[in-house]
Every structure is written in structure tokens, then in C-alpha cells.
Amino acid sequence: MEAFRILEPDQLTVMASPVRQQLLRAMSTPKSAARLARDYKMSRQRIGYHMRDLERSGCIEVAGERQARGLTEKLYRTIPMAFVSAPED
């Protein structure tokens with residue numbers, strides 16, 4: 001685990017969303033987007049939208065896959081690290 005990671009302004013924007021903060025807390029153990037959608041009573045598409053941004057910013061990663069209802073679901077987990085924000089020059 002990295003001790004610190006300096007975030008770029010666009011990464012801070014991704015993490016500033018209250019919905020994304022909830023999702024990050026929930027994914028301390030691997031979860032699928034479908035499971036998160038049920039837990040938070042949101043559409044699967046809305047959860048997927050937020051998870052794509054979290055994955056692109058390096059906040060979550062694929063932890064595995066499983067078969068469910070004839071489909072392959074990806075399981076995601078947070079990437080543990082401490083965050084430090086540096087002011088722009």
C-alpha cells in the first residue's frame with residue numbers, strides 16, 4: 001500500500017461526490033455494481049456510471065468475477081491508501 005498519493009484536481013472532483021464516497025466505503029469488501037444498486041436503491045446504470053469514474057481515477061479495482069443469473073459480474077474493491085491534496089502552483 002502506498003503511504004500517500006497526491007491527487008490531481010480532476011481526481012479530487014471524482015471523489016468529492018457524496019454518492020461516490022458511499023460507494024468507496026461500501027467496497028471495502030468486494031462488491032458488484034448490481035449488489036450496490038440493490039443496497040443503495042439506485043439504478044444499475046447510475047452505479048455503473050460512478051464506478052467507471054472511480055476506476056478511471058484509480059480509486060477502485062476489479063477484485064474478481066462471478067457467474068450470476070447467466071452473466072459474468074465483476075467484483076470491485078477500493079484501493080487502500082491515504083490521500084494528500086497538494087495546492088496548485
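Just so it is clear, the values below take in all heavy atoms, side chains as well, and ignore hydrogens, waters and symmetry mates. Worth saying up front: this structure is predicted, and the values here are computed from it rather than measured.
Hydrophobic clustering of Ile, Leu, Val, Met, Phe, Trp and Tyr side chains at less than 4.5 Å, counting indirect connections, keeps Met42 apart from Leu75.
Within the model, atoms NZ of Lys74 and CD of Glu55 stand 6.5 Å from one another, a figure rounded to the nearest 0.5 Å. To the nearest 0.5 Å, the span separating CZ on Arg46 from CZ on Arg44 amounts to 14.0 Å. The CE atom of Met51 lies 5.5 Å from the CG atom of Leu36; values are rounded to the nearest 0.5 Å. Atom OG of Ser32 is separated from atom CE of Met27 by 10.5 Å, given to the nearest 0.5 angstrom.
Listed here is the closest heavy atom pair of Gln21 and Ala16: NE2-O, 3.4 Å. Residue Ile47 comes nearest to Ala37 through the heavy atom pair CG1-CA, 3.8 Å, listed as atom of the first residue, atom of the second, then distance. Considering all non-hydrogen atoms of both residues, Gly58 and Ile79 come closest at O-CD1, 3.3 Å. Of all the heavy atoms in Gln22 and Tyr40, the pair that sits closest is O-OH, 3.6 Å. Counting all heavy atoms, side chain and backbone alike, Glu73 lies closest to Ala34 at OE2-CB, 3.3 Å.
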Q. Step by step, would you call Thr72 with Arg66 a side-chain contact (heavy atoms from CB on, under 4.5 Å)?
A. CA-CA 6 Å; Thr72 301; Arg66 70 174 174 209; over 6 Å; no
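Contact annotation: the side chain of Arg56 never approaches that of Val14 to less than 4.5 Å [non-hydrogen atoms, C-beta and beyond]. You'll find the side chain of Met15 reaches within 4.5 Å of the side chain of Leu24, heavy atoms only.
Counting only N and O atoms by type, the side chains of Lys31 and Thr29 include a donor and acceptor under 3.5 Å apart.
Each of Leu23, Thr78, Asp53 was scored for a side-chain contact (heavy atoms from CB on, under 4.5 Å) with Ile60, with one residue passing: Thr78.
The local environment of OH in Tyr49 is sparse, with at most 12 non-hydrogen atoms from other residues, nucleotides or ligands closer than 6.0 Å.
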